[in-house]
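Before any comments, here is the structure.
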Protein chains: 2
Amino acid sequence: MNDNGNPARFDDASAAEKPLTRIQKLNRRKILEAALEVFSANGFRGSTLDQIAAEAGLSKPNLLYYFPSKEAIHGELMIGLLDTWLAPLRAMNPQGDPRAEIMGYMRRKLEMSREMPRESRLFANEMLQGAPRMADDLGHDLKTLVDAKAQVIRDWIDAGQLAPVDPHHLIFSIWALTQHYADFEVQVRAVLGPETDPFEGAGQFLDMLFERLLAP
Amino acid sequence: MNDNGNPARFDDASAAEKPLTRIQKLNRRKILEAALEVFSANGFRGSTLDQIAAEAGLSKPNLLYYFPSKEAIHGELMIGLLDTWLAPLRAMNPQGDPRAEIMGYMRRKLEMSREMPRESRLFANEMLQGAPRMADDLGHDLKTLVDAKAQVIRDWIDAGQLAPVDPHHLIFSIWALTQHYADFEVQVRAVLGPETDPFEGAGQFLDMLFERLLAP
DNA sequence: ATGCAATCTGACCAGCTGGTCAGGGTCACG
DNA sequence: CGTGACCCTGACCAGCTGGTCAGATTGCAT
């Protein structure tokens, strides 16, 4: 047993990095999966450890054996989230064809809304509350990346390969249009009816929208 | 004192409709204003009566003198919200000029994001949680209105006055693009920096986007 | 097999939260 | 100026919530 009675889970240089046991890997995965489900549906404050424990099929004290607190579970989810979320933007290639790159980014982002709606809602929840647990990364990592990609887009525009649109707002529009289908899914489904797949129509609509917007 | 010890506040036909006193009007307004502030920032579950009471400058028991429960306060806010929110769509005139009507709707919606970000976030919070307190209205009122307006748009398209876009997704795109600036304000401001007014750039960008999208 | 670390649990706790209540102060109207 | 309805509060309560702990149980290396 180490100094706090919990298994090693810290990254700081001083702590010896014990490898996770089979059970640790399994249960930490179960907990994070359950936490994603619960936090994304109810927000941080609206979720309880009991709900997460039930969803994970573990007891509450056992949750707190693997994570020191509710905050820590949420934090662990947050750590990867921004990175995962921005990966498609990072993948936008300055050497590629401008329209294809932007359309590709939009399509990947829409795909993420379809495949990872819980992550999208977890992110949206955090933003709605003013991103209290993310503010640092927002001002730094996010702005740096977006500014860099905005410059790439500006260069494309200056080269006459794209219509002259504000690059920042272009990126915002991709975020808004794609994430809407995950975050406001209830509303979208209520309007379209239970038969229709929102993402099919969305894909066609967004293709057309960005084709028309970006043509020089 | 009436049967439940609280001032009359029900609309049902049976109850005699006592006019609100000066103090009742004042304090109910204070409470709802405070509740909007708190609920929109923290969600329903994340907000406490103590926070609302403090924000309103009243005591917690006094809050519960004017409203029977936390749910009731939230409900009162919700009642008007969907209507307020959809009013600009309702105002879209089938006899007007198609492009001008849709652009006008978009601009009014963007204006609402600027002027009423708290209402926008309250709405977004509700949607994110799956609209547990709104599901009925969603399936009924909302779908009816949107379907009607979608038909109007479809007629415009058939008359060759608009580009052939899916009317439902066109409406979704207006919602997504305008509400994003209220709901994800932290993110937008983090990227643009503290100097820039997001709504100025947004107005220009969205004008251009919808001009290009809608031209037949 | 044995012994130690890892894993797990029931019982418990303190603080918070929505809500109640008895009673005291205040307002408006005759 | 009196009086009844209206307005407000401190004190309180029960249930929930995040978190602790002593000890029981299990897994695993030798």
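To find a chain, count down the sequence lines: A is the first, B the second, and so on, and within it residues start at 1.
Between A:Leu63 atom CG and C:dT7 atom C1' the separation is 14 Å, expressed in whole Å. Atom CD1 of A:Ile23 is separated from atom P of D:dA29 by 11 Å (rounded to the nearest Å). When rounded to the nearest whole Å, the span between CG of B:Asn62 and C1' of C:dT26 equals 13 Å.
For B:Ser59 and D:dT9, the shortest distance from a side-chain N or O to OP1 or OP2 is below 4.0 Å. Checking the phosphate oxygens (OP1, OP2) of C:dT7, a side-chain nitrogen or oxygen of A:Tyr65 falls inside 4.0 Å. For D:dC6, the OP1/OP2 oxygens have no side-chain nitrogen or oxygen of B:Arg22 closer than 4.0 Å. Proximity of A:Asn27 to the phosphate of C:dA6: no side-chain N or O atom is located under 4.0 Å from OP1 or OP2.
The pair A:Glu111-A:Arg108 does not count as a salt bridge, with every side-chain nitrogen at least 4.0 angstrom from each carboxylate oxygen.
The side chain of B:Gln24 has D:dC6 as its nearest neighbour among D:dC6, D:dG27, C:dA6.
Put simply, the side chain of B:Ser47 gets close to the backbone of B:Val38: a donor and an acceptor are under 3.5 Å apart.
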Could you walk me through whether B:Thr84 and B:Glu119 pass side chain to side chain contact (heavy atoms under 4.5 Å, CB included), step by step?
-> CA-CA 9 Å; B:Thr84 310; B:Glu119 283 83 349; over 6 Å; no
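Within the structure, the salt bridge (charged side-chain N to carboxylate O under 4.0 Å, His left out) test picks out the following pairs touching residues 37-47 of chain A (sequence neighbours left out): A:Glu37-A:Arg118.
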Footprint string (nucleotides 15-20 of chain C, 5' to 3'): B base within contact, S backbone only, - free, heavy atoms under 4.0 Å | --SBBB
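Side-chain contact between B:Gln187 and A:Phe123: present, with at least one pair of heavy atoms (C-beta onward) separated by less than 4.5 Å.
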Donor-acceptor contacts under 3.5 Å from residues 51-60 of chain B side chains, at least two apart:
from, atom 1, to, atom 2, distance (Å)
B:Gln51, NE2, B:Thr48, OG1, 3.4
B:Ser59, OG, B:Asn62, N, 3.3

